[in-house]
Amino acid sequence: MRSTMPNRFLGAAVARALPVTLAAGALLIGAIPGPVAVVTPAAAAGSAPVALTGKQLAASWTGPLSTRGRYIVDAKGNRFKLKAGNWSGAQGTWEGSGSESDVNNHQAHQMSNNIPLGLDRTPIKQILADFHALGLNAIRLPYADAMINDDSTVPNYAVAANPQLEDKTPLEVYDAVVKALTDDGFAVILNNHTTTYRWCCSLDGNERWNTSQSTEDWIDNWLFMVNRYKSNKRVVGADLRNEVRRDWNDNPNWGWGNDKDLYEAFQQAGNAILEQNPNMLIIMEGINWQGIPSGITSHGRPMLTPVRNLSNTLINSGKLVYSAHFYGFTGPNHTGASGGWQNGETNDPRYRDLSPETLEKAVNDEALFVTESGQHFTAPVWVSEFGTGGRGQTDAKEKDWFNRFTDILVRNDTDFAVWPLVGWTTNGKPNDNWAMISYDQNGKRTGIEDGGDWRAPAWNKLVNATGKTGKVSQVNHWNMLDLDYGDQMFSLDLGRTMEWSEGNRKGVCPDGQHVVGLARSNNRGLCTDSNQPPTVSGDPITVHDESTVTTDWASGYNKLECPADTFAIGYSVNGNSMVALLCRPSTRSLSTDNRLIWFDHGDNKPSSGGSTDSDWAPGAYKGQCRDDEYLAGVAFTWKWSHGGAPDALLCRPLD
């Protein structure tokens with residue numbers, strides 16, 4: 001995006017102004033795979049995309065969506081690559097100063113009236129036809145929390161081209177847009193973009209999910225939204241929050257256990273959503289900006305880098321998607337602002353300044369590494385925002401960046417969503433030349449495929465790119481438990497508040513998974529469904545003493561051992577010391593052959609197999625059973641200042 005105003009520090013989609021020194025924030029994006037065979041022939045890479053009818057698009061996939069490794073799949077197990085765009089407006093367009101009723105105080109002089117842009121100028125049927133012509137199969141639909149309780153009526157002029165929407169609230173218009181999109185075959189991803197209707201992303205009261213509201217209110221709003229569309233299987237995802245960034249006083253963090261912990265907030269919200277609407281994809285961005293952007297302070301754009309060592313676990317491991325945003329004018333350590341340090345600009349390189357090799361490395365390190373198979377963090381990555389100005393663009397570096405960045409998306413078969421889809425045209429010129437389609441007051445379209453837009457070849461290359469299609473094989477999962485600051489109970493079957501080790505921090509694997517690894521001094525664990533034995537329904541067994549120990553397999557050490565034909569699905573700690581194991585009975589006999597894994601002096605992990613190439617407990621020694629083993633026991637001691645932390649695992653064959 002480009003800034004249209006001086007003395008502003010920008011952040012996302014077109015000029016997201018951020019006033020000055022304590023600035024925080026710009027953008028990021030992420031990537032992933034693509035859909036199954038369509039009824040119509042594929043377009044050549046350089047030609048305009050094949051425009052499907054709503055009926056054809058609807059026939060090409062079946063909701064709801066889920067994930068298998070790095071791929072999103074539909075209900076039939078076929079890959080569904082998100083080829084998406086952002087239809088903005090319902091998140092608000094007012095830039096935060098001057099009268100809200102003055103169009104000049106709105107982003108790009110476009111006043112959305114807090115509904116998706118363009119409904120005043122063009123019938124929705126035509127807008128959707130134009131989306132089809134872009135080759136899209138999904139729409140990211142931003143909204144503000146303010147929309148949920150806004151009972152005001154949208155002005156009639158704001159829906160002049162769609163009189164059926166007159167006398168409706170912003171939420172009712174949003175409802176109608178969701179229905180029209182899904183009736184026409186599009187997948188819809190709900191995106192909580194902002195709290196208030198103020199244009200994102202500056203020091204604007206929308207920096208975090210809980211800057212202008214409580215975390216509880218934010219989650220309640222999400223539950224309202226996902227339940228509102230629960231019966232519509234083409235409303236496929238909950239994009240939890242847009243571009244979380246520093247506010248005036250503090251940074252968001254990943255895993256610190258306080259009220260600014262994005263990792264915990266996302267996990268809490270995602271699991272609450274899945275409890276009420278298990279069909280939803282849960283989409284999580286990383287941290288968009290940390291630090292004061294000055295030459296003497298630490299600052300940067302973490303994106304998904306914290307996920308490498310602390311990934312999220314959901315009650316359904318087939319529902320997590322990570323996302324990231326990339327714009328050429330921002331950078332790994334550049335806010336995106338211009339005008340010197342007093343406006344929040346840093347001297348760090350922007351993405352458009354990076355060499356081809358350095359750009360590709362940055363995109364991989366900050367996002368696409370998540371698609372590596374068989375790790376605790378493995379998931380699809382969706383680049384849910386990227387873009388640049390089209391007609392009138394004079395910056396050669398921006399053009400070069402856009403071409404190179406779309407090449408990266410093509411090479412990695414990455415899911416994407418361009419920002420933004422719809423804008424206005426005034427006197428023959430787009431107000432926002434980033435928009436893929438612009439409409440004048442008479443509804444005349446000026447779009448990327450209408451000639452004169454230099455982005456068309458790169459866009460067509462991206463949309464028409466070949467990639468993984470058809471059936472995607474089932475995969476095994478490895479998921480983290482992190483008990484640093486509290487319980488992590490991910491079993492719906494047992495209840496996420498079950499009290500089985502009172503007064504201690506407890507971790508329980510998602511249903512269908514068992515514990516396969518523990519860290520020695522930071523309370524982390526690793527779960528997997530690899531070779532998962534069938535289980536008996538009913539209550540598991542809590543082991544908190546040595547009454548079930550069969551042989552002295554760790555002489556001189558305290559031991560916890562699951563009873564015969566049971567395996568560990570959870571554990572509890574007090575401080576760093578082991579307290580109990582939670583053991584699940586199997587429907588078949590399990591081997592009692594013992595293999596002891598000591599990790600009191602260093603890591604002891606398998607040389608190959610699941611999550612062996614990633615560090616799920618940095619700074620701590622880790623013990624991990626093989627993929628074909630189950631965890632049957634743990635040894636620990638208070639001698640030698642070991643403090644009761646686990647020293648050895650008892651692993652037994654699952655075969």
Side-chain angles (χ1 to χ4, degrees), residues 34-61 80-89 116-141 161-162 177-189 234 385-391 402 406 409-410 415-425 428 430-440 442-467:
V36 189
V38 173
V39 229
T40 56
S47 62
V50 172
L52 303 181
T53 64
K55 186 175 181 180
Q56 288 171 326
L57 180 57
S60 71
W61 68 284
F80 186 84
K81 181 177 182 177
L82 294 177
K83 299 182 179 183
N86 286 269
W87 191 1
S88 68
L117 277 163
L119 297 174
D120 59 328
R121 296 171 174 236
T122 309
I124 193 168
K125 183 177 180 180
Q126 182 59 52
I127 295 175
L128 302 193
D130 293 339
F131 290 171
H132 284 296
L134 290 174
L136 304 178
N137 62 15
I139 302 296
R140 183 178 185 243
L141 202 58
N162 293 274
V177 167
V178 169
K179 185 177 188 306
L181 285 166
T182 55
D183 284 352
D184 224 34
F186 291 101
V188 169
I189 292 124
R234 295 194 188 277
E385 284 189 26
F386 76 102
T388 192
R391 288 175 173 79
F402 189 78
T406 50
L409 298 183
V410 169
D415 298 50
F416 59 86
V418 68
W419 180 282
L421 284 175
V422 178
W424 290 2
T425 300
N431 290 37
D432 179 0
N433 69 342
W434 289 59
M436 301 292 281
I437 305 164
S438 296
Y439 300 103
D440 68 13
N442 299 315
K444 181 183 177 183
R445 183 193 68 214
T446 303
I448 190 172
E449 301 291 352
D450 291 331
D453 194 318
W454 67 271
R455 299 172 298 176
W459 174 257
N460 295 341
K461 166 197 66 184
L462 177 61
V463 175
N464 296 331
T466 57

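In this text, all values refer to a predicted model and were calculated from it rather than measured experimentally. Sequence positions, counted from 1, serve as the residue numbers for this chain.
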Does the structure place the NZ or CZ of Arg121 under 6.0 Å from the centre of the six-membered ring of Trp424, at an angle of no more than 45° from the ring's axis?
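Pair Arg121/Trp424 counts as cation-pi.
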Compute both the distance and the angle, then confirm whether Arg234 meets the cation-pi test with Trp61: under 6.0 Å from the six-membered ring centre, within 45 degrees of the axis.
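Yes, a cation-pi geometry.
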Heavy atoms, side chains only, cut-off 4.5 Å: are [X] and [Y] in contact?
X	Y	result
Thr53	His132	no
Leu134	Trp459	yes
Leu181	Leu128	yes
Val178	Leu141	yes
Phe386	Trp419	no
Asn137	Phe80	yes
Val177	Ile124	yes
Val50	Asn464	no

Quick one: does any side-chain atom of [X] pair with a main-chain N or O of [Y] as donor and acceptor, under 3.5 Å?
X	Y	value
Asn86	Ser88	no
Lys83	Val463	yes
Asn460	Ala456	yes

Flag for [Y]-[X]: side-chain donor and acceptor within less than 3.5 Å:
X	Y	answer
Asp130	Tyr439	yes
Arg391	Asn433	no
Thr425	Lys444	no

Heavy-atom closest pair, residues [X] and [Y]:
X	Y	value
Leu462	Leu409	CD1-CB, 3.7 Å
Ala435	Ser438	CB-OG, 3.9 Å
Phe402	Ala458	CE2-CB, 3.8 Å
Asn162	Leu119	ND2-O, 2.9 Å
Pro49	Glu449	CD-OE2, 3.4 Å
Gly118	Ile127	O-CD1, 3.8 Å

Value rounded to 0.5 Å, distance of [atom1] in [X] from [atom2] in [Y]:
X	Y	atom1	atom2	answer
Asp120	Thr122	CG	OG1	8.0 Å
Ile448	Met436	CD1	CE	3.5 Å
Asn431	Asp440	CG	CG	10.5 Å
Leu136	Leu421	CG	CG	6.0 Å
Phe131	Ile437	CZ	CD1	5.5 Å
Trp87	Phe186	CH2	CZ	9.5 Å

Charged N to carboxylate O under 4.0 angstrom, Arg445 versus Asp450?
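Yes.
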Lys179/Asp183 ion pair, N-O < 4.0 Å
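Answer for the salt bridge query: yes.
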